[in-house]
Number of protein chains: 2
Amino acid sequence: MPTENIVHSPAACKQSIAAVRDTLYVLSGKWKLPIIVALSTGPTRFKDLQRTLEEITPKILSKELKELELNEFVTRTVYATSPVSVEYELTKYSQSLQKIIGEMRDWGLQHRKRMMSKK
Amino acid sequence: MPTENIVHSPAACKQSIAAVRDTLYVLSGKWKLPIIVALSTGPTRFKDLQRTLEEITPKILSKELKELELNEFVTRTVYATSPVSVEYELTKYSQSLQKIIGEMRDWGLQHRKRMMSKK
DNA sequence: GTTACTGGTATCCTTTAGTATACTGGTATC
DNA sequence: GATACCAGTATACTAAAGGATACCAGTAAC
């Protein structure tokens, strides 16, 4: 669980803001976390990822995968089949994001229920 | 703690993706979470928020605060001092985001250390 | 009476995100 | 021999996010 939720001093507050901003910077955009969730079922090919994510275009998927590779969340492996097949797979380091993702999924489910019951 | 990290079936995977995307949609952008962290020290005035966040322009801060109000994370109170003062305050519902924020802060701190030790 | 603070708004601009559509080369399928 | 699949890339475009700068009215301090 997170170390502390309540920020006590202005300095601690600024440090928390900086840390959250660092995380947001790495995970920026609409697709990085959904891609990581999609890959959590195991190694997945480009076209299959596109199908799972439904609305993503190949250009964006390609761009996001490259950024995820740079940040060491994902590895890309080319197999010498014919035609070649390419698999994307989560790294060990990506596991460190699982708590964030779990909390975000739970919050999203809860939020949807809340919205439904309101309207 | 999050309910389950590993996605077992394709259907559960799609549901997780949708839930994470819902959360990302509500928290979209560079500033919403940092603003919530900044407000966690208690009711804060517009100008003080701007000072805490340092690089944010009043236009963006104003826009983000309106969106946070719409999503019921923040309330805006005007006091009839002269000149008027305005305070922004976290709602009870915003507490539901604390786990996400805590995890993101912890991850950000960890990530920064990791980057430092690499280079 | 000039300067500074507050809580913003207005205008203009740049950057990034995202969409749409078409295309490629090699292979396998019908 | 036409069609379809794979893993993208190329090009052109639109929309959204965000930043820079200036400004406002009311008040208080000097």
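In the text below, chain A, chain B and the rest are named by the order of the sequence lines, each starting its count at 1.
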Pairwise 5' ranking along DNA chain D for A/Ser62 and A/Pro83, keeping only the more 5' one: A/Pro83

Side chain of B/Thr57 (C-beta onward), nearest among C/dT9, D/dA7, D/dG19: D/dG19

Candidate nucleotides C/dT19, C/dG7, D/dG19, ranked by approach to the side chain of B/Ile60 - the nearest: D/dG19

A/Pro58 side-chain proximity, nearest of C/dT9, D/dT9, C/dG7: D/dT9

Nearest atoms (heavy-atom pairs only) where B/Ser40 meets B/Val37: OG-O, 2.5 Å

Nearest-Å distance for atom pair OH/C1', residues B/Tyr88 and C/dG8: 8 Å

Among B/Arg51, B/Arg45, B/Gln50, the one residue meeting side chain to side chain donor-acceptor pair (under 3.5 Å) with B/Asp48: B/Arg51

Contact under 4.0 Å: B/Lys66 side-chain N or O vs C/dG7 OP1/OP2: no

Interatomic distance, A/Lys47 NZ vs C/dG26 C1' [rounded to whole Å]: 15 Å

Interatomic distance, B/Glu87 CD vs C/dG8 P [rounded to whole Å]: 12 Å

Atom pair distance, as rounded to whole Å: CG in A/Leu61 and P in D/dA7: 11 Å

Counter-base of C/dC30, judged by Watson-Crick or G-U geometry with both distances under 3.5 Å: D/dG1

Toward the 5' end of DNA chain C, by each residue's nearest nucleotide, B/Lys59 or B/Arg51: B/Arg51

B/Arg45 vs C/dT6: side-chain N/O to OP1/OP2 distance below 4.0 Å: no

Phosphate OP1/OP2 of C/dA17 contacted by A/Lys63 side-chain N/O (<4.0 Å): yes

Spacing between A/Leu53 atom CG and C/dG18 atom C1', to the nearest angstrom: 14 Å

Candidates A/Gln110, A/Met115, A/Arg112 - the one meeting side-chain contact (heavy atoms from CB on, under 4.5 Å) with B/Asp22: A/Arg112

Phosphate contact (D/dC6 OP1 or OP2) by A/Tyr79 side-chain N/O below 4.0 Å: no

Between C1' of D/dA20 and CD of B/Glu55, the distance in whole Å: 14 Å

Donor-acceptor pairs under 3.5 angstrom involving side-chain atoms of residues 53-62 of chain A: please list them, not counting sequence neighbours.
residue : atom : partner : partner atom : Å
A/Glu54 : OE2  : B/Lys14 : NZ           : 2.9
A/Glu55 : OE1  : B/Arg21 : NH1          : 2.4

Value in whole Å for how far the P atom of D/dA7 lies from CG of A/Asp48: 7 Å

Nearest-Å distance for atom pair CD/P, residues A/Glu64 and C/dT19: 11 Å

Name the atoms and distances for all side-chain donor-acceptor pairs under 3.5 Å in residues 85-92 of chain A, with sequence neighbours left out.
residue : atom : partner : partner atom : Å
A/Ser85 : OG   : A/Thr81 : OG1          : 3.2
A/Tyr88 : OH   : A/Arg76 : NE           : 3.2
A/Thr91 : OG1  : A/Glu72 : O            : 2.7
A/Thr91 : OG1  : A/Phe73 : O            : 3.3
A/Thr91 : OG1  : A/Tyr93 : N            : 3.4
A/Thr91 : OG1  : A/Ser94 : N            : 3.2

Any B/Trp31 side-chain nitrogen or oxygen under 4.0 Å from OP1 or OP2 of D/dG19: yes

Sugar-phosphate, base or nothing in reach of B/Ser28, heavy atoms under 4.0 Å: nothing

